[in-house]
There are 2 protein chains.
Amino acid sequence: MTPPASGDRRPASSTAIAVGAKIRQRREQRGMSSAELARRAGLSKATLSQLEGGRGNPTIETLDALAIALRIPLTDLLARDTDPGPVLVAGTDLADGEVGRELLRRISGGNSLEIWRLRMPPGTHLEGVPHATGTIEHLLVSSGHLTAGPTDAPTDLGPGDLLAFAGDAPHTYRTGPEAADVTVVIASPIIG
Amino acid sequence: MTPPASGDRRPASSTAIAVGAKIRQRREQRGMSSAELARRAGLSKATLSQLEGGRGNPTIETLDALAIALRIPLTDLLARDTDPGPVLVAGTDLADGEVGRELLRRISGGNSLEIWRLRMPPGTHLEGVPHATGTIEHLLVSSGHLTAGPTDAPTDLGPGDLLAFAGDAPHTYRTGPEAADVTVVIASPIIG
DNA sequence: GGCAATCGTTCGTTATAGTGAACGCAGAGT
DNA sequence: ACTCTGCGTTCACTATAACGAACGATTGCC
C-alpha cells in the first residue's frame with residue numbers, strides 16, 4: 001500500500017524522458033505555450049507538465065492528441081533519432097501466401113529515412129500511395145522477380161537489382177508466378 | 001457517471017484498433033502465443049487480450065515492453081501503414097569465392113545516404129572503415145549467416161535480420177562456413 | 001472416456017494516468 | 001505600489017489501464 005496518495009510520480013523510464021523532451025522541443029518550435037498546447041490537445045496543464053518533465057507514462061490517446069495538436073505524425077514523438085547502441089530487428093517468419101510489409105527502421109532529422117522489407121507471394125499486386133514531394137524510393141531485390149516502379153513506366157526486376165524512382169508519383173509492385181523479397185528504402189525531405 | 005465498474009472498456013479509438021491489429025499481426029508472425037508474449041513483455045494476458053482486440057488505450061511503457069518482446073522498433077507499432085509512394089542498377093554476377101562490394105546508390109542533401117550490396121563467401125573477414133560521427137549503419141541480411149557489428153560487440157545475424165549500429169566506431173563483418181548476402185545502408189548527418 | 005496442459009477470453013480489484021484547483025512567479029496596465 | 005492576466009508547477013482526487021483469478025474451449029496423452 002502506498003501512503004494515501006501523494007503527487008509523486010514514477011521514477012521515469014528512459015522512454016518517458018525521451019518522449020517528454022520531444023514534446024517540449026516540438027512545442028517550442030511551434031512557439032506555443034504549454035497552456036495553449038494543453039488546451040488544443042484537450043489535456044490538462046498538469047498532465048502536460050508531467051509529461052514534458054519526463055515523469056509519467058502517457059497513453060496513446062494522450063500522445064495522439066498531442067501529435068494532432070502539434071501537427072506532426074504520432075511516430076515522430078516516439079522516434080529514437082540517435083541510437084545509443086546497436087539495434088537488432090529479427091527476421092520474421094511468414095505464412096504461405098501472406099504479404100509481409102514491415103517497417104524495419106526509421107530515422108528523422110535532416111532527411112527522414114525508412115527501411116522496409118516487402119515480401120510478396122506469387123501473383124501479388126500492390127498499389128503504392130504517393131509520398132511527399134521530393135521523396136525517393138529505392139527497391140532492392142533480395143530474391144525473386146517482380147515488375148515495379150512508376151505506374152506509367154514499370155520495370156522488370158530480378159535478384160540483386162536496385163530501382164530508384166520518385167516516390168511522389170503513383171507506383172505499383174507486381175509479382176508474376178514467382179514470389180519476391182524486396183528491401184525498400186524511402187528517403188524523404190523533412191516536413192517543416 | 002459510469003455504473004460502479006464493469007469489465008467494459010472504452011468504445012475503442014481508431015488508433016487503438018490499428019495498434020491492436022499490429023500487435024497481433026507481429027505476434028503471429030513470430031509464432032508466439034498471446035500467453036507467451038504477455039509473459040515475455042511482463043504483462044498480464046488480460047491486458048494483451050484487450051489491446052489486441054482494439055479495446056483499451058495502452059501506455060508507452062506497455063507498448064515499449066511489447067516492442068522489446070517482439071524485437072521491433074516501438075514506432076513500428078504506431079506506423080500508419082502509409083503505403084510506400086528511374087534509376088536502375090542491374091544485379092551483377094559473381095565468380096565463386098569472390099567478395100562483392102558494390103556501391104549501388106548515393107544521395108546527398110539532408111542526410112547523405114548510401115546503399116551497398118555486400119556479398120561474402122564462406123570464411124570471409126572484413127574490417128569496416130569508421131565513418132563520420134553520427135553515422136548509422138544498417139545491415140539487412142538477404143541470405144546466409146554472418147557475425148557483424150561493432151568490433152567490441154558483434155552480433156550473429158541470419159536471413160531477414162536487420163542490425164543498426166553507430167558507424168563511427170570500428171566494426172567488422174565475418175562469415176562462418178556459410179556465405180552471406182547483405183544490404184548495407186549508411187546514413188550520415190550533414191554537417192551544417 | 002478421464003485427466004492435464006495450454007490457449008484466449010471475461011470478470012472484479014488495484015494501481016496509476018489524468019484532472020481541476022490550488023500555488024508562486026513574471027510582465028503589463030492603471 | 002497594487003491589481004490584473006497568463007504562465008508553468010505541485011497537490012488531492014477521480015477515472016481507468018493493468019492486474020490476478022477465474023472461465024470454457026481445445027489439444028494431447030494415457
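The sequence lines fix the lettering, A, B, ..., with proteins before strands; numbering per chain opens at 1. The model shown is predicted, which means the values in this text are computed figures rather than measured ones.
S44(A) comes within 4.0 angstrom of a nucleotide base, judged by non-hydrogen atoms across all strands. As judged by a 4.0 angstrom heavy-atom cut-off over every strand, L43(B) is placed among residues touching the sugar-phosphate backbone only. Backbone-only engagement by A35(B) is indicated by non-hydrogen atom pairs under 4.0 Å involving sugar-phosphate atoms exclusively.
Taking for each of R27(A) and T47(B) the nucleotide of DNA chain D with the nearest heavy atom, the 5'-most of the two is the partner of R27(A). Both L51(A) and S49(B) lie near DNA chain C, and the one whose nearest nucleotide falls closer to the 5' end is S49(B).
Side-chain rings of Y173(B) and H125(B) stay apart, their centers remaining 6.0 Å or farther from each other.
Distance from the side chain of T59(A) is smallest to dG18(C) among dG18(C), dC11(D), dC19(D). Checked against dA17(C), dT10(D), dC7(C), the side chain of S33(B) finds its nearest nucleotide in dC7(C). In this structure, of dG8(D), dT10(D), dC19(D), it is dT10(D) that holds the atom nearest to the side chain of R55(A).
Between the CD atom of Q50(B) and the P atom of dC11(C) there is a distance of 10 Å, rounded to whole Å. At whole-Å resolution of the value, CZ in R24(B) and P in dC7(C) are 14 Å apart. Distance I23(B) CD1 to dA17(D) C1': 14 Å, rounded to the nearest Å. We find that CG of L37(A) is positioned 18 Å from P of dG6(D), with the value rounded to whole Å. Note: CG (L63(A)) to C1' (dG18(C)) measures 13 Å, nearest angstrom. Here dA17(C) presents its P atom at 12 Å from CG of N57(B), a figure rounded to the nearest Å. Rounded to whole angstrom, the span from the CE atom of M32(A) across to the C1' atom of dG8(D) amounts to 16 Å. Computed from coordinates, the L48(B) CG to dT10(C) P distance equals 13 Å when rounded to whole Å.
Of the N and O atoms on the side chains of T15(B) and D64(A), at least one donor lies less than 3.5 Å from an acceptor on the other residue.
Taking 4.5 Å as the limit, every side-chain heavy atom of D181(A) sits out of range of all side-chain heavy atoms of V141(A). Side-chain contact between L37(A) and L66(A): present, with at least one pair of heavy atoms (C-beta onward) separated by less than 4.5 Å.
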Show the distances under 3.5 angstrom between N or O atoms of the protein and N or O atoms of nucleotides 23-29 of chain D.
none

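Atoms CD and NE2, on E178(B) and H145(B) in that order, are 5.0 Å from each other to the nearest 0.5 Å.
Here the side chain of T175(A) pairs a donor or acceptor atom with the backbone of G123(A) at under 3.5 angstrom.
In terms of the side chain to side chain donor-acceptor pair (under 3.5 Å) criterion, residue partners of R40(B) (sequence neighbours excluded) are, by chain and number, E36(B).
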